[in-house]
K.L.:
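The structure is given below, and queries will be raised subsequently.
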Amino acid sequence: MLLNRRHALKTGAAAGLLPLTPAWGQAAARPFNINLLGFALGIHVPTTTAVLDILPTMGYAPKTQRMDQIRTLTQTLIAGAAEIGETDSMTVMSAVEAGADLKIVSLWYMHTSLVFVANADKVREFKDLEKPENVVAVNGKGDTTHVMLYGPLLKRGVDVKKVNIVEIGGSGARMQALQSGRVQAVPVHFDQAAELAKRGNFKVLLEPWKEYKAWINEVWACSGAWLKKKENERAVIDLIKAQMIAFRRANSDMAWFAANYRKHVTLPNAKDATDESLKPLWEGLTKEIKAFPHVIDMRLDLWQELLPVYQQAEAIQGKIKLDQVIETSLVKQAASELGG
């Protein structure tokens with residue numbers, strides 16, 4: 001049995017599907033407590049697959065818990081209730097400014113697939129967003145779904161202080177609110193925007209990947225003290241390697257992406273999606289948005305461009321130093337070990 005397992009692992013590595021890691025030599029799988037957000041969409045498919053399907057082949061036993069709010073999830077990292085979690089950079093930076101010991105160690109994907117969708121009967125131009133009857137729903141005030149609007153709206157002359165903002169957690173819930181007429185504009189993922197377009201007079205107002213050099217949305221974060229332990233650093237490096245394996249496979253193999261979409265996406269009827277119906281989503285993520293980089297990019301200048309927007313939106317105070325919170329060495333180590 002052991003010889004067969006070793007052969008399978010070597011074969012998988014040679015095929016470019018699995019990395020060889022020290023974890024495979026361990027007699028028992030290492031528990032890995034990982035907190036995830038409460039939903040998984042198309043853009044989440046590679047990293048979700050990395051966590052749930054690839055990490056177990058590398059000697060880990062992921063134990064995952066899903067949570068609806070990014071701020072709640074970030075608090076679990078501060079409290080030590082999870083080892084690593086899916087959150088966003090602004091929430092982490094704000095927590096660090098308040099004294100928390102957190103590090104951003106990787107991205108969930110490159111370039112958000114969030115777009116800003118509006119009821120075209122109510123919002124005909126950007127200035128219409130200033131009207132009090134036009135309500136904009138975001139996941140949370142001061143989080144990435146809110147702050148990403150600031151730069152583009154200011155550039156178009158919208159007084160963001162006049163925009164009527166409410167909080168509705170989860171892009172699926174925001175879709176429902178837009179369809180019901182309770183709100184008139186929302187940020188949702190672009191595959192959800194395509195669905196909305198089929199159901200009413202809804203239009204995409206903004207595509208962040210065209211507005212910013214990189215609008216970094218969801219990230220992996222963990223405690224800085226936890227990360228100092230070598231076995232934990234090793235676990236993060238292996239997680240990043242699993243991500244890059246999944247990214248490369250997603251980019252090259254639409255059928256693989258579609259199969260894992262059906263397996264992991266939490267949208268209703270995701271299990272019934274056909275390869276044909278998913279092809280536009282796959283092409284958008286891999287070719288237009290370029291969400292899944294061959295090598296994960298953690299350059300500080302990507303965040304440097306975003307800091308003024310974060311600060312203007314009062315998501316952070318602006319006193320943080322990027323190298324205080326962004327740990328770039330682990331993605332470099334993972335890429336070096338993985339090669340290619």
K.L.:
Flag the pair D128 / K122 as yes when at least one side-chain heavy-atom distance between them is below 4.5 Å, and no otherwise.
P.N.:
no
K.L.:
Might you work through the side chain to side chain contact (heavy atoms under 4.5 Å, CB included) test for M110 and L302, ending with a clear yes or no?
P.N.:
CA-CA 11 Å; M110 194 77 192; L302 298 177; 3.2 Å; yes
K.L.:
Decide whether a cation-pi geometry holds between R30 and Y60; the criteria are a distance under 6.0 Å from NZ or CZ to the six-membered ring centre and an angle within 45° of the ring axis.
P.N.:
no
K.L.:
Determine the interplanar angle of the H44 and F39 rings, folded into 0 to 90°, and report it as parallel if under 30°, tilted if 30 to 60°, perpendicular if over 60°.
P.N.:
perpendicular
K.L.:
What do the steps show when you test Q192 against L267 for side chain to side chain contact (heavy atoms under 4.5 Å, CB included), and what is the final call?
P.N.:
CA-CA 10 Å; Q192 295 172 308; L267 291 174; 4.0 Å; yes
K.L.:
Is the backbone N or O of A273 less than 3.5 Å from a side-chain atom of S277, with the two atoms forming a donor-acceptor pair by type?
P.N.:
no
K.L.:
Taking K103 for the side chain and A225 for the main chain, is one N or O donor matched with an acceptor at less than 3.5 Å?
P.N.:
no
K.L.:
What distance separates D121 CG from N201 CG, expressed to the nearest 0.5 Å?
P.N.:
4.5 Å
K.L.:
Is any side-chain heavy atom of V136 closer than 4.5 Å to a side-chain heavy atom of V186?
P.N.:
no
K.L.:
Between G151 and V309, which heavy-atom pair has the shortest distance, and what is it?
P.N.:
N-CG1, 4.2 Å
K.L.:
Measure the shortest side-chain to side-chain distance between E97 and K319 over non-hydrogen atoms and say whether it is less than 4.5 angstrom.
P.N.:
yes
K.L.:
Charged N to carboxylate O below 4.0 Å: is that the case for D253 and R248?
P.N.:
no
K.L.:
Roughly how far, to the nearest 0.5 Å, is CG of L73 from CD1 of I78?
P.N.:
10.5 Å
K.L.:
Going by the salt bridge (Lys or Arg N to Asp or Glu O under 4.0 Å) test, which pairs reach into residues 164-177, not counting sequence neighbours?
P.N.:
R71-E167
K.L.:
Could you pull out the closest heavy-atom pair between Y310 and I216, with the gap in Å?
P.N.:
OH-O, 4.1 Å
K.L.:
Applying salt bridge (Lys or Arg N to Asp or Glu O under 4.0 Å) as the test, list every pair that has at least one member in residues 46-64; sequence neighbours left out.
P.N.:
D53-K263
K.L.:
Mind checking what makes side-chain contact (heavy atoms from CB on, under 4.5 Å) contact with A173, not counting sequence neighbours?
P.N.:
I168
K.L.:
State whether the side chain of W226 and the backbone N or O of I84 hold a donor-acceptor pair below 3.5 Å, judged by distance alone.
P.N.:
no
K.L.:
Heavy atoms, side chains only, cut-off 4.5 Å: are T47 and F247 in contact?
P.N.:
yes
K.L.:
Identify the two heavy atoms, one from P208 and one from W215, that lie closest to each other, and give their separation to 0.1 Å.
P.N.:
CB-CB, 4.2 Å
K.L.:
Roughly how far apart are R199 CZ and L178 CG, rounded to 0.5 Å?
P.N.:
10.5 Å
K.L.:
Between S106 and Q243, do the side chains contain a donor N or O and an acceptor N or O under 3.5 Å apart?
P.N.:
yes
K.L.:
Ignoring hydrogens and geometry, is there a side-chain-to-backbone donor-acceptor pair from N35 to T64 under 3.5 Å?
P.N.:
no
K.L.:
Between the side chains of E305 and Y212, does any donor sit under 3.5 Å from an acceptor?
P.N.:
no
K.L.:
How many angstroms lie between atom CG of N119 and atom CD of Q179, to the nearest 0.5 angstrom?
P.N.:
11.0 Å
K.L.:
Taking atom types as modelled, find out whether S94 and T91 have a side-chain donor-acceptor pair closer than 3.5 angstrom.
P.N.:
no
K.L.:
Strictly below 4.0 Å, N to O, side chains only: are K213 and D301 in salt-bridge contact?
P.N.:
yes
K.L.:
Can you name the one residue among K228, K229, K230 that meets side chain to side chain contact (heavy atoms under 4.5 Å, CB included) with N232?
P.N.:
K229
K.L.:
Look at the side chain of N134 and the backbone N and O of K131, then say whether any donor-acceptor pair between them is shorter than 3.5 Å.
P.N.:
no
K.L.:
Is there a donor-acceptor contact under 3.5 Å from the side chain of E86 to the main chain of L37?
P.N.:
yes
K.L.:
Mind telling me whether F190 and W209 have parallel, tilted or perpendicular rings, with 30° and 60° as the class edges?
P.N.:
perpendicular
K.L.:
Check for me whether the distance between the ring centres of W220 and W108 falls short of 6.0 Å.
P.N.:
yes
K.L.:
Kindly indicate whether the side chain of V135, heavy atoms from C-beta on, has any atom under 4.5 Å from the side chain of R182.
P.N.:
no
K.L.:
Start with the C-alpha distance between I104 and M298, add both sets of side-chain angles, then the distance that settles side chain to side chain contact (heavy atoms under 4.5 Å, CB included), and finish with yes or no.
P.N.:
CA-CA 9 Å; I104 293 172; M298 290 279 286; 4.1 Å; yes
K.L.:
Between the main-chain N or O of G318 and the side-chain N or O of Q311, is there a donor-acceptor pair closer than 3.5 Å?
P.N.:
no
K.L.:
Salt bridge check, K127 against E130: does any charged N sit closer than 4.0 Å to a carboxylate O?
P.N.:
yes
K.L.:
Taking all heavy atoms of I240 and all of A334, pick out the closest pair and write down the distance.
P.N.:
CG2-CB, 3.6 Å
K.L.:
Can you confirm whether E314 is buried at CD, in the sense that more than 12 heavy atoms of other residues, nucleotides or ligands lie under 6.0 Å from that atom?
P.N.:
no
K.L.:
Looking at V115, is its backbone amide N or carbonyl O close enough to the side chain of E207 to form a donor-acceptor pair, meaning the two atoms are under 3.5 Å apart?
P.N.:
no
K.L.:
Would a distance-only check, ignoring hydrogens and angles, find a side-chain to backbone donor-acceptor pair under 3.5 Å from T48 to V45?
P.N.:
no
K.L.:
Quick one: do R299 and D297 make a salt bridge, cutoff under 4.0 Å?
P.N.:
yes
K.L.:
Please report the C-alpha distance between R262 and D275 in whole Å, then the side-chain angles of each, then the deciding distance to 0.1 Å, and finally whether the side chain to side chain contact (heavy atoms under 4.5 Å, CB included) criterion is met.
P.N.:
CA-CA 10 Å; R262 289 187 285 269; D275 286 11; 2.9 Å; yes
K.L.:
So which atom in Q304 and which in P308 form the shortest heavy-atom distance, rounded to 0.1 Å?
P.N.:
O-CD, 3.4 Å
K.L.:
Rounded to the nearest 0.5 Å, how far does CE of M67 lie from CD1 of I70?
P.N.:
12.0 Å
K.L.:
Does CD in E276 sit with more than 12 non-hydrogen atoms of other residues, nucleotides or ligands closer than 6.0 Å?
P.N.:
no
K.L.:
Donor-acceptor pair, Y261 side chain versus L41 backbone, under 3.5 Å?
P.N.:
no
K.L.:
In terms of side-chain geometry, is the basic nitrogen of K155 or E211 positioned less than 4.0 Å from the acidic oxygen of its partner?
P.N.:
yes
K.L.:
Judged by modelled atom types alone, do H189 and S113 share a side-chain donor-acceptor pair under 3.5 Å?
P.N.:
yes
K.L.:
As a test of understanding, state which of N139, N217, D88 forms a side chain to side chain donor-acceptor pair (under 3.5 Å) with T144.
P.N.:
N217
K.L.:
Answer yes or no: is there a side-chain heavy-atom contact under 4.5 Å between Y109 and P46?
P.N.:
no
K.L.:
Can you see which heavy atom on V117 is nearest to which on A193, and at what distance?
P.N.:
CG2-CB, 3.6 Å
K.L.:
Would you say L107 and V331 make side-chain contact, with heavy atoms under 4.5 Å?
P.N.:
no
K.L.:
Rounded to the nearest 0.5 Å, what separation is found between the CG atom of L338 and the NE2 atom of H294?
P.N.:
7.5 Å
K.L.:
Side-chain contact test, heavy atoms from C-beta onward, threshold under 4.5 Å: evaluate it for L285 versus L281 and give yes or no.
P.N.:
yes
K.L.:
Could you tell me whether R234 and E337 have a side-chain N and a carboxylate O separated by less than 4.0 Å?
P.N.:
yes
